[in-house]
Each structure stands twice: as C-alpha cells, then as structure tokens.
There are 2 protein chains.
Amino acid sequence: MTTHPKLTALAESLPATVPFVGPEAQERQRGRPFRARIGANESGFGPSPAVQAVIAAAAGDVWKYADPENHDLKAALGAHLGIAAENIVIGEGIDGLLGLIVRLFVEAGQPVVTSLGAYPTFNYHVAGFGGRLVTVPYANDREDLNGLLAAVKREDAPLLYLSNPDNPMGTWWEADEISRLIEALPETTMLVLDEAYGETAPASAMPALDVSRPNVLRMRTFSKAYGLAGLRCGYALGETQMIRAFDKVRNHFGVNRVAQTAALAALADQQYLRSVVADVDACRKRIAGIAVANGLVALPSATNFVTFDCGGDGAPALRVMQELIKRDVFVRKPMAPVLDRCIRVSVGPSAEIDLFEQELPEALKAARG
Amino acid sequence: MTTHPKLTALAESLPATVPFVGPEAQERQRGRPFRARIGANESGFGPSPAVQAVIAAAAGDVWKYADPENHDLKAALGAHLGIAAENIVIGEGIDGLLGLIVRLFVEAGQPVVTSLGAYPTFNYHVAGFGGRLVTVPYANDREDLNGLLAAVKREDAPLLYLSNPDNPMGTWWEADEISRLIEALPETTMLVLDEAYGETAPASAMPALDVSRPNVLRMRTFSKAYGLAGLRCGYALGETQMIRAFDKVRNHFGVNRVAQTAALAALADQQYLRSVVADVDACRKRIAGIAVANGLVALPSATNFVTFDCGGDGAPALRVMQELIKRDVFVRKPMAPVLDRCIRVSVGPSAEIDLFEQELPEALKAARG
C-alpha cells in the first residue's frame, strides 16, 4: 500500500547521488580546512578587481529580480564574439544548460554518446532524463574523435558530448580535427562542444564560430579563466532556432542578478583575463615541473589544471590523492578505468603550489610504502 | 527531411514562452526607466545592511564553487525552524524547486491541480514536463480549498499547488483551514504549499510545521520579505525521504555562492526582518487607503502587495495598468478571468508610493475616458 506520493518511474529508478563531493564536505569530515584548494579546477587567481568592485556595488540591488532575458549580458557577449544575441543563451553554469540540452533533445531510452570517464555531471543529466549512456574509451588520454563518431552513427544518437580542451585529462584537439568531426556528424545529431576551458587553450584549438549550423552548441563559462565559478553563469552559442528552444524549458528568472552583473564586468576586463591566462600557463608549467621532478609524467594541458600519471592502475593514484588530502592539499582524480591512474592538480596562487611541491614527495613515499 | 537535431516530442509541442515579461524589457521597449518599481512583488525596502556588507565581503571568494550540500544554510534554517537539515532542500528560488517537484512527481499526461489564475511559473513547469493542468476557479478572490480537494479526488491527481498567502490576490486562509485540507488529502497526493509570503502573513495563517508528513512540501524563499529576489534562493521543507528525492535531479552546484552567504546573513538578522514586516504592513495600509480614496476596492492582503478591484471585466483594469505604466509606474495585474478585473501594487519606499498616489487619479481618468 502506498502511503506517500509516488515518484515517477524514472525518478524512482535514480539514485540520490552527488556528482562531486565538495571540498567543504571533506573539510567538515576531516574537521579542519584544506591549506591548498587546487582540486576543483577553479581559478585560485580569483576574479578581476573590477568584478569585485561591481559585486560590492550591486549588493544593495539584490532585492530586484534579474532581467529574465539576460539582455545586457547577451548583447555584450554578442559584441565580443561577433554574433547576434539570438545565438546566445545564458544559464546557471554549463551544468544547468547541460540538463536543459538533454531534456530538449533526448527521449527516454535514446542513446547519448560521450567518452568513458568524461564529465560526470553530464552523465548525471542523461540518467536524470532517462537517456542511455554510450561511452567510448579515451585513446592515448585524448577523447577519441573517430570512436565517438562511429558510436554516434552506429547508435543513431541524437546527442554527442565532447569537451575540448578535455576535462579530466587536460588534453585537446586542434580546431581542424574538431571541424572534421563536425563535418562528418549526422545533421540530426547535436554536438555539445564543451569549451569551458577555451580561454586557456591555444587559439589553434578553437574552431571558428559558426552559428548557422543547427547541430552544434558551443558551451562557455565564466567559471574558469574569468574566476566566477561560485556565481553560476555559463552560456551556449548556437543556431537561432536551437537557442530559442531553451526558452521552452529554462528557468527564466534563474540566472542570479549578481552573476549577470559580474559576468558583464568580467567580460569587459579583457586585460585581467589575459593576465590570468598568462598566470595559468606559468602555473601549468610549474606543476608539470614538480611532477617530473618527482618522477611522474605530466600530460600536456590546455586547461587550468595538470593531470599526471602515477603509474600502474587506479590504486597508486588513489593513494597519492589520499595522502595529499591528508596533508591538507585538496586535489581530485579521474575515476574511470585507464584514466584513473592519474591525479589532477588545478592551478592556483604560488603559496598553494608551494605547499603542493613541499607535500608531494612525502605523499608519494607514503602512497608507495 | 530533417536537417537539424530533433527536439523531443514534448519539447517540440511547447511554446518558447516567458512566464513574465520583466520590467527591464518594458524599459527597453519604452526607451526610458520606470520611476516606481512596484509591480513584481519585490521588496523595495531592500536587503538588510548586514546582508549587503556580507555580499561585498564575499566578492573576492566567488572563484570558488559553492558548497553543493548547502550545509551551513540548511543547518541555520534547521536551527531557526526547529527541524533537521535533512528536512530541507535549497534551490534556485522557489521557481527552480517547483520545476524539480513536477519532474519528480508527475508522469507525462498526469493531472496537476491548481487554481485558475494562480502562479504562471508553476503552470509553465507542469506544461514543461507534460503534465495536464486541472484548474479550479477562485471563490470570492480566495483559492477554493474545497474545490481544489474535490478536483484532486476526482482526477486522482499526484500533485496539488496552493499558495497561502495567495499570489496574485494577496488573500489567505487561516492555518486551521489549511490543516483541514491537508488532513483530507489523499496520502498519494503531494501538496505544494507555497508560502513565499509567509513572513508577511499573520502567524495564525501558518500551520505548524510537521515534517513527518510525506505529502506536504512547504515552499519558502529569501526573495520576498528578506529582499533577496535577485539572488535566487528558495527552500522546501518536508519529510526526509521526499526531500532526499531532490538529490536525484537537482543541479547540485546550482545555488550561487553569494546567494548562500547572503541568505545566511539575512536569516541571522531577524531584527531587520521584523522592521521590514512592519514597513510592509504600513505600506499595505497606505496602498489600500489610496485605492479607497480613488473609489476602488482593495482586497485584504497578507503579502507584500495589495490587489484592488477596478470594476467590470478585465478591460478597465488592463487600461488602468497601461495608464500607470505610461506614467512610469510599473505594476502588474492578474490575467485570468474574474481575477483580471484587478491590478496589483507591490509595497515599496515612500517615494515610489507617493508617485503611485500622484499618478493614480490621472491614470483612472484616462482609463475611463
């Protein structure tokens, strides 16, 4: 006998899951804070001072709902990118937009193609709308473009997820390889091209923006190089009709007012962005150098983190991560087989990287002992 | 021949709609700003000075993702309300949570009961997940509890939406009437009891909190009396298993970091809340007095707005609203038949109410002429 409201059959089948455990939860469990927060691919360099000033100035205005059309931010992004506002949709981070995309394009039971070990939050949304995940293994620590395309065709998949540069490996494809994939895709398959790390990638990795093509959505965010992860502001670029479809299902008043204001200011401060990108590049080199000095192999990175190989299967890397966490250094690691031999260290201020450099040798020793 | 990715059948059937046009869009169309923003049931009294200070202080931290478990805010709310954190879920405003509720409890085609002319955003979510809306007319400008109950039983509806105090009419039921409805509800029907305006209602209108009951979700928000509408922070209170179900589908990192921080500070400043509630009460009386002085009938209100009757059918009220807007006074009105004879004026600072008082006679004259 049912004595409470019934969940839908789909909801009933889902686990009450958390795609990522936050560092705050770990700190609560440990009973003490981390000394280095370099695990969530945040920008420890922080937001621009201009952005911080704008947030402080906007504090008195938070009683007003934000503009549900996100007009000013779309206009500024359009001007910045040389496209029309109607080719842009703003959302509560790329995470929020990914949920809407699955909801818009995937019927329950339909196949969705992604790489094995790619973005867990995307997979969470696919499961959440009853899609069937079809995974393709990475090849040499890069997403396997040919393998993904073959899976799409074999399955007649309505949706393909690809991140370039890639998370969690940090690797990337050059623009012409991505363009080749796009050209070869069935016109009925939507490619979700997640470019969250686009600002820290070489320009040669980013295909020219073509918003006339209905089957590509380019995902961008203010969470990474712009340093606004906590504000939840991402956007998708695409063909007019496809972008307009978001208005069918999005939470129209969902993008926070402070997020819109801060994103506008962040976009306007391209000089700060350039300085962060330079800092990221220098820090990537430093992290890779530390890895190499400790006998590890650092993968090339176009992102704001460096992934490095701890050797063997997943067990050694897991121990290294745990030993670093024990030493108050918050890092994360890929969990899928093959990739799970690695740990992933985000860029950050010198003091935090110093700490990582200092603790890594002991962590490795403890992990091996 | 399809030459673009296909939307799901449900998404294809939906309009690309906006539940509410924002005042910003109207300002863009008009080419000039409003002089009084008293149409969106925001709190023109603004957020607490303590909240503003906290937002400014948090500006440098927005590079960090927020805690996906919303631990601190749930703990503070739990302590404030005398319930456990596991009986609370935080979301991107009540709007965001309403979408999740429909998604969790309504299969496509199932009936969902609400009042005719109640919250458009709830209806938007019901349509968005393929639910079938069953509406019950208001009775004497209040939601018809008996009528809603009868519709739930007749339709065997899994979900019932009720707001108390009510938007858009401002009217309310006493707690014992609401409790009677709850007792009479089928155990398999989830009642979404929207208490967005709870803080400005008489205490006698709020049933005691009972989180042992699986078929009631109480919806609260920081958008109204707390003055944080732009930050998007709402919460639902309910039975442990029902609250846990949100973890199956919510955007775990979706609640903005500034929102969490500001909500914590707002909750801590109960003295400010009390002063706003007193201001709201005084302002409601003043708005009602202005209406009466102009020969209109003001409905009793337990909310942060006053709804008043312009007489006749929807046409006179529409003209009054348009004439006020023409005079730079942003107000809104109910759109459903019977309710649509009214316009709705939100509380606000004296200067904005002064302007309303000054412009109303001319607006009425123009509307009638």
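Per chain, numbering begins at 1; letters A, B, ... match sequence-line order. For the numbers below, each heavy atom of this structure counts, side chains included, while hydrogens, waters and symmetry mates do not. Quantities reported herein were computed from a predicted structural model and do not represent experimental measurements.
Considering all non-hydrogen atoms of both residues, B:Thr3 and A:Pro214 come closest at O-CG, 4.3 Å. The two residues B:Lys6 and A:Phe105 have their closest heavy-atom pair at O-CD2, 3.5 Å. Smallest separation of non-hydrogen atoms from A:Pro47 and B:Gly60: CD-O, 3.8 Å. A:Asp95 and B:Asn251 get closest at one heavy-atom pair: CB-OD1, 3.6 Å. When every heavy atom of A:Ala229 is checked against every heavy atom of B:Trp63, the shortest pair comes out as CB-O, 3.3 Å. Scanning all heavy atoms of the two residues, the minimum distance from A:Lys248 to B:Leu7 falls at CE-CD1, 3.9 Å.
For the set A:Leu104, A:Asn215, A:Leu228, A:Ile55, the count of heavy-atom pairs under 4.5 angstrom toward chain B peaks at A:Leu104. Contact count versus chain A (heavy atoms, under 4.5 Å) is highest, among B:Arg37, B:Arg257, B:Met190, B:Arg213, for B:Arg37. The candidate from B:Gly93, B:Ala11, B:Ala16, B:Ser223 with the greatest count of non-hydrogen atom pairs under 4.5 Å with chain A is B:Ala16. With chain A as the partner, the residue from B:His125, B:Lys64, B:Gln241 showing the most heavy-atom pairs under 4.5 Å is B:Lys64. Looking only at heavy-atom pairs under 4.5 Å with chain B, the residue among A:Gly254, A:Ala66, A:Ala127 that has the most is A:Gly254. Among B:Ala262, B:Gly46, B:Pro23, the residue making the largest number of heavy-atom pairs under 4.5 Å with chain A is B:Gly46. Residue with the most contacts toward chain B among A:Asp247, A:Val249, A:Asp72, A:Thr8: A:Thr8 (heavy-atom pairs, distance under 4.5 Å). Of the residues considered (A:Ser43, A:Gly22, A:Ala56), A:Ser43 shows the highest number of contacts with chain B, using heavy-atom pairs under 4.5 Å. For chain B, the option among A:Val51, A:Thr189, A:Leu14 with the highest count of heavy-atom pairs below 4.5 Å is A:Leu14. Contact count against chain A (heavy-atom pairs under 4.5 Å) is highest for B:Gly44 among B:Ala245, B:Gly44, B:Gly99.
Looking at B:His4 and A:Glu239, their side chains never come closer than 4.5 Å, going by heavy atoms from C-beta outward.
Residue-environment remark: CZ (A:Arg244) stays at or below the threshold of 12 foreign heavy atoms within 6.0 Å.
Under a 3.5 Å cut-off, the side chain of A:Asp67 and the backbone N or O of B:Glu24 do not form any donor-acceptor pair. Judged purely by atom type and a 3.5 angstrom limit, B:Glu187 has no side-chain atom pairing as donor or acceptor with the backbone of A:Pro5. Looking only at distances, no side-chain donor or acceptor of B:Glu69 sits under 3.5 Å from a matching main-chain atom of A:Ala25. Checked by atom type and distance alone, the side chain of B:Asn256 pairs as donor or acceptor with a backbone atom of A:Leu231 at under 3.5 Å. In this structure, A:Glu107 contributes its side chain and B:Ala9 its backbone to a donor-acceptor pair below 3.5 Å. Under a 3.5 Å cut-off, the side chain of B:Arg103 and the backbone N or O of A:Gly128 do form a donor-acceptor pair.
Residue contact with chain B, scored on non-hydrogen atoms closer than 4.5 Å, involves the backbone and the side chain of A:Phe20 alike. When heavy atoms are compared at a cutoff of 4.5 Å, B:Glu12 approaches chain A solely by way of its backbone atoms N, CA, C and O. Heavy-atom distances place no part of B:Phe222 under 4.5 Å from chain A, backbone and side chain included. Of the two parts of A:Val54, neither the backbone nor the side chain holds a non-hydrogen atom closer than 4.5 Å to a non-hydrogen atom of chain B.
Using bins of under 30°, 30° to 60° and over 60° for the plane-to-plane angle, the ring pair B:Tyr124/A:His252 lands in the perpendicular bin.
Using a 4.0 Å cut-off between charged side-chain N and carboxylate O, A:Glu92 and B:Arg232 make no salt bridge.
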